[in-house]
Amino acid sequence: MMNVKEQTIDWAILKYDKWQLYVAKSEKGLCYVGSPGQSYDELKTWIQKRFPLANLVENEEALKPYLKELYEYFEGNRQTFSLPVDVKGTSFQQEIWAALNQIPYGKTYSYSDIAEHIQRPKAVRAVGTAIGANPVLITVPCHRVIGKNGAITGYRGGTEMKQYLLQLEAQNGGR
């Protein structure tokens with residue numbers, strides 16, 4: 001029988017402007033940045049699916065370095081994140097999330113640009129699905145992906161937040 005170890009997932013709430021986001025980390029790094037308006041139950045359900053044996057513990061102290069980097073980003077004083085992430089996904093999702101991390105601050109790519117980048121030009125829909133499954137909003141910059149025609153398309157954090165993030169980056173050194 002395999003010895004599966006219980007683990008603790010620490011969480012805290014990031015409050016910025018009108019948003020309140022759940023943020024969580026495992027022993028390996030940031031594993032979740034939630035959406036505005038999300039409930040604790042939604043956080044709990046998401047964590048249980050990916051970390052079935054985890055104990056979810058409110059611990060702002062453990063999240064302090066991550067919250068600090070996110071606040072710095074929101075204030076326009078940070079363009080990249082330095083702390084580790086612990087994202088679980090299929091190998092295809094991992095490949096897409098790695099491609100998202102290569103999009104420069106303040107720039108936008110289309111879904112088809114990402115599909116071309118990973119040398120699967122016909123996988124545009126699958127790329128969109130993988131982007132939508134990104135567990136760490138902002139940190140893995142899925143907000144930088146827009147429609148081919150320049151349209152602000154779906155975003156787990158909502159299109160209002162996506163537009164805000166793109167404007168923030170444009171004002172602080174992008175485009």
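If you read the sequence from its start, that first residue is 1, and numbering goes on from there. Keep in mind the model is a prediction, meaning the values are calculated, not measured.
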Looking at side-chain heavy atoms only, is the closest gap between [X] and [Y] below 4.5 Å?
{"X": "Tyr111", "Y": "Arg125", "value": "no"}
{"X": "Trp97", "Y": "Pro135", "value": "yes"}
{"X": "Val33", "Y": "Tyr66", "value": "no"}

Quiz item: Would you call the rings of Tyr16 and Tyr71 parallel, tilted or perpendicular, where under 30° means parallel and over 60° means perpendicular?
Solution: tilted
Quiz item: Taking the six-membered ring for Trp, are Tyr73 and Tyr105 parallel (under 30°), tilted (30 to 60°) or perpendicular (over 60°)?
Solution: perpendicular
Looking at [X] and [Y], what are the two nearest heavy atoms and their distance?
{"X": "Asn101", "Y": "Val140", "value": "OD1-CA, 3.7 Å"}
{"X": "Pro141", "Y": "Thr139", "value": "CD-O, 3.5 Å"}
{"X": "Arg156", "Y": "Val136", "value": "NH2-N, 4.1 Å"}
{"X": "Leu30", "Y": "Ala24", "value": "CD1-O, 3.3 Å"}
{"X": "Pro36", "Y": "Gly157", "value": "CD-O, 3.4 Å"}
{"X": "Ala133", "Y": "Gln93", "value": "CB-NE2, 3.4 Å"}

For the backbone of [Y] and the side chain of [X], can you confirm whether one donor and one acceptor N or O come within less than 3.5 Å of each other?
{"X": "Gln163", "Y": "Glu160", "result": "no"}
{"X": "Lys88", "Y": "Cys31", "result": "no"}
{"X": "Ser35", "Y": "Gln38", "result": "no"}
{"X": "Thr108", "Y": "Val145", "result": "no"}
{"X": "Gln79", "Y": "Pro104", "result": "no"}
{"X": "Asp17", "Y": "Trp19", "result": "no"}

Quiz item: Pick one: which of Val124, Ile131, Thr129 meets side chain to side chain contact (heavy atoms under 4.5 Å, CB included) with Val127?
Solution: Ile131
Practice problem: State which residue, out of Leu165, Asn134, Ile146, fulfils the side chain to side chain contact (heavy atoms under 4.5 Å, CB included) condition with Tyr155. | Solution: Leu165
Taking only residues two or more places apart in sequence or in another chain, which ones pass salt bridge (charged side-chain N to carboxylate O under 4.0 Å, His left out) with [X]?
{"X": "Arg50", "value": "none"}
{"X": "Asp10", "value": "Lys25"}
{"X": "Glu72", "value": "Lys68, Arg78"}
{"X": "Arg144", "value": "Glu169"}

Self-check item: Remaining members of hydrophobic cluster (4.5 Å side-chain criterion), Tyr22
Solution: Ile9, Trp11, Ile13, Tyr32, Tyr40, Leu43, Trp46, Ile47, Phe51, Leu56
Self-check item: Verify same cluster id: Val57, Leu21 (apolar side-chain graph, 4.5 Å)
Solution: no
Quiz item: Got a sec: does the CD of Glu60 have more than 12 other heavy atoms crowding it under 6.0 Å?
Solution: no
Interatomic spacing from [atom1] in [X] to [atom2] in [Y] - rounded to 0.5 Å:
{"X": "Leu100", "Y": "Ile96", "atom1": "CG", "atom2": "CD1", "answer": "7.0 Å"}
{"X": "Asp113", "Y": "Lys107", "atom1": "CG", "atom2": "NZ", "answer": "13.0 Å"}
{"X": "Ser39", "Y": "Lys44", "atom1": "OG", "atom2": "NZ", "answer": "11.0 Å"}
{"X": "His143", "Y": "Ile152", "atom1": "NE2", "atom2": "CD1", "answer": "10.5 Å"}

Exercise: do [X] and [Y] side chains pair donor with acceptor under 3.5 Å:
{"X": "Glu69", "Y": "Ser82", "answer": "yes"}
{"X": "Asp86", "Y": "Ser26", "answer": "yes"}
{"X": "His117", "Y": "Gln102", "answer": "yes"}

Quiz item: How far apart are the C-alpha atoms of Glu75 and Asn172, what are their side-chain angles, what is the distance that settles it, and do they pass the side chain to side chain contact (heavy atoms under 4.5 Å, CB included) test?
Solution: CA-CA 9 Å; Glu75 294 295 325; Asn172 291 297; over 6 Å; no
Quiz prompt | Ala98: partners by side chain to side chain contact (heavy atoms under 4.5 Å, CB included), with sequence neighbours left out | solution = none
